[in-house]
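Right, one structure below, let's go through it.
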Number of protein chains: 2
Amino acid sequence: MEETPKILDGPRCREIGRSCACYNLRRAARSITRLYDDFLRPSGLKTTQFSVLMTAKMRGPVTITKLADLTVTERTTLTRNLTILEKKGLIRIEPGLDRRERQVALTEAGHEALVKAIPLWETVQEHVEKGLGQDRLISFLTELRGIVALTR
Amino acid sequence: MEETPKILDGPRCREIGRSCACYNLRRAARSITRLYDDFLRPSGLKTTQFSVLMTAKMRGPVTITKLADLTVTERTTLTRNLTILEKKGLIRIEPGLDRRERQVALTEAGHEALVKAIPLWETVQEHVEKGLGQDRLISFLTELRGIVALTR
DNA sequence: ACGATATAAGTGTATACACACATATTCGGC
DNA sequence: GCCGAATATGTGTGTATACACTTATATCGT
C-alpha cells in the first residue's frame, strides 16, 4: 500500500527534466526571448513583433493565413498579434482581391520601426554567434528546423 | 529619395528568418509544444503544467522562487501558473518555515495526474527520439542548455 | 534595539499562444 | 443558377509569459 505509485519513482521519470525535448525547448525559448527582448527594448518592439514585421516586409502584402503559415503561428494567435501592431500604426490590414482575404502591409511607421530595430538585432545576434560559435549556431538552427519539420 | 531605407534591403536582412536564433527557437518551441500538448491532452495537463508538477515532485516541497529558478521561468509567471494548478487541486501552497516563503507540494490528485500523464509523455518522447535519432536529440538538448547558460 | 538592506512573494498591465466555435465568401459539380 | 464543400477570417475562453511596482518578512551592522 504505497501512497506514491511506482511510476513516479522510476529512473526514466527522474530524468524528464534533462531529456524532455519540449521542456528544454520551451525553457531555452524563454531564456533567449528575454535576451533578445532586452536588446530590442529601445526600439519599442518585442521579438515577436519584430519577427512578424520582418516577415511581412520580406513577403510584401500577404494574407493572414499565409503569414501564419510562414511563421508557424496559430492563425488566431497571429490575428491578435496583428491587432496590436495595427493599433501601434506599424501595419495596415486591408481587404484583398478575394473578399474573404485581408492583406497585411507595413506602414511607413512600420518601416521606421524596423530601421531602428535591425541594428539592435544585429548586436544581440552577434552576441549569440560569438557565445555559441558560428558553426554550432548554424547546425543548431538546422536542428530547430528539423523539429518544426517533425511536427508537420 | 528612396521610400524604403537601404537597411531593409541588405542581404543580412533578408536572412533574418533563417539566422535569428530567437525566432527559430520560438518557432520550434511553438511547434513541439503543440505536439506534446496533443499527446498529453487525455491527461488534462498541458506541457507546462506537466513540467511544473514533475519538477515539484522531484524536488519535494519547494519554495516558489526556487521552483522558478529550476524551470527558468519568471517567478511572477510561475505564480500565475501555480494558481491554476492550485484551483485544479493538483498542488497545495503552504506557508514555509520562513514566513515570507510559501512551499509548493503535490496533492494526491497531483500525483494521480502525473501517473496518467507519464505514459503519454513517454509515447510522444519516443516519437521525437525516433524522428530525430537518439544521438541527435542528445546533442540537441546539450545545445539548448548552452542557450540557457548563454543568457545567465 | 533599531534602521538599512536583502529576500520572498503578490498585483497591475500587456503581450503571446492556441483550441473550439462561428461567420463570410468562394468554388465546383450538377 | 443553386447548393454543398472548401477557404479565409474573427471571437470566446483559458493558459503562458514577463516587466514594473508593491508588500511582508528576515537579516545584518552598529
Side-chain angles (χ1 to χ4, degrees), chain A residues 22-23 25-42 44-53 62-69 71-88 90 93-104 151, chain B residues 22-23 25-42 44-53 62-69 71-88 90 93-104 151:
Chain A
C22 188
Y23 169 71
L25 243 170
R26 288 180 67 86
R27 205 166 70 110
R30 283 194 293 274
S31 190
I32 206 165
T33 298
R34 279 181 226 167
L35 183 70
Y36 275 72
D37 278 353
D38 197 41
F39 275 80
L40 284 181
R41 193 153 298 133
L45 294 178
K46 313 257 284 181
T47 300
T48 305
Q49 300 170 343
F50 176 67
S51 301
V52 170
L53 285 180
V62 62
T63 66
I64 292 177
T65 297
K66 180 65 182 168
L67 195 52
D69 191 53
T71 56
V72 193
T73 310
E74 255 299 300
R75 182 187 51 76
T76 58
T77 299
L78 184 61
T79 295
R80 265 77 185 238
N81 294 351
L82 290 177
T83 303
I84 294 168
L85 292 175
E86 196 182 23
K87 277 184 191 159
K88 288 187 172 191
L90 304 181
I93 303 183
E94 344 177 286
L97 297 179
D98 187 327
R99 273 197 299 174
R100 291 171 300 183
E101 294 177 355
R102 303 183 70 197
Q103 301 274 345
V104 179
T151 61
Chain B
C22 188
Y23 169 71
L25 243 170
R26 289 178 67 86
R27 206 165 69 112
R30 283 194 294 272
S31 190
I32 205 164
T33 299
R34 279 181 227 166
L35 182 70
Y36 275 72
D37 277 354
D38 197 39
F39 275 81
L40 285 181
R41 193 153 298 132
L45 293 178
K46 311 257 286 181
T47 299
T48 304
Q49 301 170 342
F50 177 67
S51 301
V52 170
L53 286 181
V62 62
T63 66
I64 293 177
T65 297
K66 180 66 182 167
L67 195 52
D69 191 52
T71 56
V72 193
T73 309
E74 255 299 302
R75 182 187 50 76
T76 58
T77 298
L78 185 62
T79 295
R80 264 76 186 241
N81 294 351
L82 290 177
T83 303
I84 294 168
L85 292 174
E86 197 182 22
K87 277 185 190 160
K88 287 188 173 191
L90 304 181
I93 303 182
E94 344 178 284
L97 297 178
D98 188 326
R99 273 197 300 174
R100 290 171 300 182
E101 297 178 353
R102 302 184 70 197
Q103 301 274 346
V104 179
T151 61

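A note on names: the letters A, B, ... follow the listed sequences, proteins ahead of strands, and every chain is numbered from 1.
In this structure, CG of B/Asp98 is placed 12 Å from P of C/dT7, rounded to the nearest angstrom. As a whole-Å value, the separation of A/Lys46 NZ from D/dA18 P is 9 Å. Rounded to an integer number of Å, the gap from A/Tyr36 OH to D/dA18 C1' is 19 Å. A/Tyr23 has its OH atom 11 Å from the P atom of D/dT17, to the nearest Å. Computed from coordinates, the B/Leu67 CG to C/dT7 P distance equals 20 Å when rounded to whole Å. Note: CD1 (B/Ile32) to P (C/dA18) measures 13 Å, nearest angstrom. The distance between atom CZ of B/Arg41 and atom P of D/dG14, rounded to the nearest whole Å, is 16 Å. For A/Ile64 and D/dT11, the CD1 to P distance is 11 Å, given to the nearest whole Å.
Between A/Arg99 and C/dT26 there is a side-chain N or O to OP1 or OP2 distance below 4.0 Å. The shortest distance between the side-chain N/O atoms of A/Arg80 and the OP1/OP2 oxygens of C/dT15 is not below 4.0 Å. Distances shown here put every side-chain N or O of A/Arg30 at or beyond 4.0 Å from the OP1 or OP2 atom of C/dA16. At D/dT17, one or more side-chain N or O atoms of B/Asn81 fall inside 4.0 Å of OP1 or OP2 (strictly under the cut-off). A sub-4.0 Å separation between OP1 or OP2 of D/dA8 and a side-chain N or O of A/Thr65 is absent. Checking the phosphate oxygens (OP1, OP2) of D/dA8, no side-chain nitrogen or oxygen of A/Thr63 falls inside 4.0 Å.
If A/Thr33 and A/Lys66 are placed on DNA chain D by their nearest nucleotide, the residue sitting closer to the 5' end is A/Lys66. In this structure, B/Lys88 and B/Glu74 both approach DNA chain D, and ranking their closest nucleotides by distance from the 5' end singles out B/Lys88. Mapping A/Leu97 and B/Asp37 onto DNA chain C via the closest heavy atom, the residue that lands nearer the 5' end is B/Asp37.
Annotation: side chain of B/Arg41 is not in contact with side chain of B/Lys46 (no heavy-atom distance under 4.5 Å).
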task: Could you go through the side-chain contact (heavy atoms from CB on, under 4.5 Å) check for B/Phe50 and B/Leu40 one step at a time?
output: CA-CA 9 Å; B/Phe50 177 67; B/Leu40 285 181; 4.0 Å; yes
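Which of C/dC19, C/dC17, D/dT15 sits closest to the side chain of B/Arg26 comes down to C/dC17. Residue B/Thr48 places its side chain closer to D/dA16 than to any other of D/dT9, D/dA16, D/dA18. For B/Ile84, whose side chain is taken as the heavy atoms from C-beta onward, the closest listed nucleotide among C/dT25, D/dA16, C/dC19 is D/dA16.
Closest approach of B/Gln103 and B/Gly96 over heavy atoms only: CG-CA, 3.7 Å.
Residue side chain A/Thr76 reaches the base of C/dC19 through a donor-acceptor N/O pair under 3.5 Å, judged by distance alone. Below the 3.5 angstrom threshold, one finds a donor paired with an acceptor across the side chain of A/Arg100 and the base of D/dT7. With hydrogens and angles ignored, a donor-acceptor pair closer than 3.5 Å exists between the side chain of B/Arg75 and the base of C/dA9. Under 3.5 Å, the side chain of B/Thr77 and the base of D/dA18 form at least one donor-acceptor pair of N or O atoms.
With no hydrogens or angles considered, a side-chain donor-acceptor pair links A/Ser31 and B/Thr151 at under 3.5 Å. The closest side-chain donor-acceptor pair between B/Arg26 and A/Thr48 falls under 3.5 angstrom.
When each of B/Ile64, B/Thr65, B/Val104, B/Asp69 is checked for a side chain to side chain contact (heavy atoms under 4.5 Å, CB included) with B/Leu78, only B/Ile64 meets the rule.
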